[in-house]
Amino acid sequence: MTQLRAFVVDDEPLAVRRLTRLLEATGRATVVGSARDAPAALQALDVTDVDVLFLDIEMPGLSGFDLLARLPSPPMVVFTTAYSEHAVRAFEVNSIDYLLKPIERGRLGQALDRCARRKDEGGAGLSTMLERLESVLRKQSAFPDRLASRVGERVHLIELTHVTHFFAKDKLTFAAADGRADAIDATIAELERKLDPGRFVRIHRAIILNLAWVQDINTWFGGRMLVRLKDAKHTELTVARDRVRALRDRLSF
């Protein structure tokens with residue numbers, strides 16, 4: 001049985017720990033390292049011998065694609081993603097494997113099978129397949145990458161990767177990003193329908209959370225939950241009790 005040296009990159013610590021446990025439980029892979037952002041991963045991968053990189057796509061700062069572009073000789077890649085159904089199909093068409101969060105043991109086994117075969121074959125064609133994957137993925141994504149905030153005659157475009165959360169206040173909706181709050185011409189309910197459900201989750205009737213910005217979660221007796229963000233203010237958001245299960249399922253804990 002082909003043994004694989006694996007490296008995990010994901011900005012969610014819970015996701016890193018869970019995937020590490022799943023990989024090591026298979027007996028087919030050894031996790032030789034992990035990182036929670038692209039710069040740390042680049043530094044570690046420069047000195048670590050890796051067969052397969054388990055890589056999240058949407059991360060604050062540099063994305064998974066940005067990381068790969070900076071690797072001179074990338075190893076095999078298995079994306080861990082919460083992308084739309086069309087984008088997920090693009091992975092399969094382009095022969096680059098993926099794991100859709102929350103990761104299932106059976107699906108992980110299939111990914112390891114593909115990695116083992118590719119390792120035995122020498123990993124030919126990886127760079128070309130990555131280029132095709134990125135092109136198809138960007139074309140097929142049905143969800144917006146940015147939203148417009150209008151102030152008078154000025155329109156400010158907000159990159160969704162920078163948005164930590166959306167919130168409603170005084171009958172207005174705001175996007176919190178880069179230390180500021182910009183008004184958005186949409187209700188929370190409308191945003192919930194418009195945004196990628198793999199990246200954003202409604203945790204309160206007045207709050208939509210960007211999962212990529214979750215730093216840690218505190219739970220209390222009675223089912224109460226508090227989310228702390230990675231922004232400069234370490235913003236704390238309360239999760240409504242009827243939304244706790246959806247958040248747990250999305251973050252796999």
Side-chain angles (χ1 to χ4, degrees), residues 10-15 36-37 56-61 63-64 80-88 100-103 137-138 140-151 155-220 223-253:
D10 197 307
D11 63 301
E12 299 174 8
L14 291 173
R36 292 177 54 185
D37 57 51
D56 189 19
I57 294 176
E58 290 294 332
M59 297 182 290
S63 70
T80 58
T81 180
Y83 262 57
S84 68
E85 180 180 356
H86 292 300
V88 166
L100 184 63
K101 297 178 181 178
I103 295 169
L137 189 61
R138 294 190 187 282
Q140 292 195 7
S141 178
F143 302 104
D145 293 323
R146 61 182 68 182
L147 291 177
S149 173
R150 184 184 298 274
V151 180
V155 175
H156 173 55
L157 295 178
I158 304 170
E159 297 288 341
L160 289 182
T161 54
H162 293 186
V163 176
T164 61
H165 64 291
F166 295 90
F167 64 95
K169 183 179 181 181
D170 299 330
K171 298 183 179 181
L172 294 174
T173 304
F174 298 89
D178 300 323
R180 54 187 284 176
D182 293 300
I184 300 294
D185 187 20
T187 66
I188 290 293
E190 289 170 341
L191 285 172
E192 186 178 21
R193 292 190 294 268
K194 179 185 295 187
L195 298 173
D196 184 348
R199 300 165 58 190
F200 294 89
V201 60
R202 192 170 181 176
I203 62 170
H204 187 278
R205 63 182 178 81
I207 302 173
I208 293 178
L209 172 68
N210 185 343
L211 295 171
W213 284 89
V214 174
Q215 177 171 294
D216 53 51
I217 298 172
N218 293 314
T219 57
W220 293 285
R224 295 182 60 203
M225 182 177 290
L226 184 77
V227 175
R228 182 177 291 109
L229 304 183
K230 300 174 185 176
D231 59 349
K233 298 178 181 179
H234 297 292
T235 301
E236 295 181 343
L237 302 174
T238 300
V239 183
R241 291 186 181 182
D242 62 341
R243 303 280 178 172
V244 167
R245 173 50 57 189
L247 182 60
R248 283 183 176 273
D249 291 344
R250 198 63 58 82
L251 294 177
S252 303
F253 76 97

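The minimum heavy-atom distance linking His165 with Thr235 is given by the pair CE1-CG2, 4.2 Å. Scanning both residues, Glu190 and Thr187, for their nearest heavy atoms gives OE1-N, 2.9 Å. Between Ile188 and Ala168, the shortest heavy-atom distance links the atoms CG1-CB, 3.8 Å. Nearest heavy-atom pair, Met59 versus Gly64, reported as atom, atom and distance to 0.1 Å: CE-N, 3.9 Å. For the residue pair Pro13 and Gln215, the shortest heavy atom distance occurs at CG-O, 3.9 Å. Summarising the geometry of Ala212 relative to Asp11, their closest heavy-atom pair is O-OD2, 2.6 Å, with the distance given to 0.1 Å.
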Test Glu58 against Asp196 for side-chain contact (heavy atoms from CB on, under 4.5 Å), laying out the working first. CA-CA 12 Å; Glu58 290 294 332; Asp196 184 348; over 6 Å; no
Could you go through the side-chain contact (heavy atoms from CB on, under 4.5 Å) check for Val214 and Leu14 one step at a time? CA-CA 10 Å; Val214 174; Leu14 291 173; over 6 Å; no
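Going from atom CD1 of Ile158 over to atom CG of Asp145 covers 13.5 Å, rounded to the nearest 0.5 Å. Atom CZ in Phe200 sits 4.5 Å away from atom CG in Leu160 (nearest 0.5 Å). The CD atom of Glu12 sits 5.5 Å away from the CG atom of Leu251 when rounded to the nearest 0.5 Å. Taking CG from Leu195 and CZ from Phe166, the interatomic distance works out to 5.0 Å, rounded to the nearest 0.5 Å. Between Ile203 atom CD1 and Ile208 atom CD1 the span is 10.0 Å, to the nearest 0.5 Å. For the atom pair Phe167 CZ and Leu209 CG, the distance stands at 13.5 Å (nearest 0.5 Å).
Shown here are the side chain to side chain donor-acceptor pair (under 3.5 Å) partners of Asp242, two or more places apart in sequence or in another chain: there are none.
At least one donor-acceptor pair under 3.5 Å links the side chain of Arg202 to the backbone N or O of Arg205. A donor-acceptor pair under 3.5 Å is absent between the side-chain atoms of Thr219 and the main chain of Met225, judged by distance alone. Formation of a donor-acceptor pair under 3.5 Å by the Asn210 side chain with backbone atoms of Val163 is found in this model. Not a single donor-acceptor pair under 3.5 Å links the side chain of Lys230 to the backbone N or O of Pro60.
Residues Leu247 and Val227 meet the side-chain proximity criterion, which asks for heavy atoms closer than 4.5 Å. Taking the side chain as every heavy atom from C-beta outward, Thr164 and Leu237 never approach each other to under 4.5 Å. Using a 4.5 Å heavy-atom cutoff, the side chains of Asn218 and Arg228 are in contact.
Pairs engaging residues 170-185 under the side-chain hydrogen bond (donor to acceptor under 3.5 Å, both in side chains) rule: His162-Asp178, Arg180-Asp182 [sequence neighbours left out].
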